[in-house]
Amino acid sequence: MFRRREPVPFAFVAEADRFRSNVTPPPRERLGKAQLAARSLVGLTVVAGLAGSLLFGIPALQPNKAPEKSQQSTASEER
């Protein structure tokens, strides 16, 4: 009723986990002072932007109190 399926045609993909290369990648270059300062400045700008949006956004989301005195024009009071 059930036949055995054929092996996967791309068997090398399954074997890729077991493959070890004898070639080591070159070491990563260290960041220079300018690159480090630029990345820090970008990160600080992003964090400051998020903090600023919270600072100005949270009060805007708070429900307002109903005004105690209704705002009507003086023309409607003279009628």
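None of these values were measured; they are calculated from a predicted model.
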Undergrad: Starting at CG of Leu50, measure out to OG1 of Thr45 and round the result to the nearest 0.5 Å.
TA: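 Interatomic distance, Leu50 CG to Thr45 OG1, rounded to 0.5 Å: 11.0 Å.
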
Undergrad: Running the 4.5 Å side-chain criterion over Ile, Leu, Val, Met, Phe, Trp and Tyr, what cluster does Leu41 land in, apart from itself?
TA: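 Other cluster members: none.
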
Undergrad: Counting only heavy atoms not in Gln62 (residues, nucleotides, ligands), do more than 12 fall under 6.0 Å from its CD?
TA: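 Result for CD/Gln62: enclosed.
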
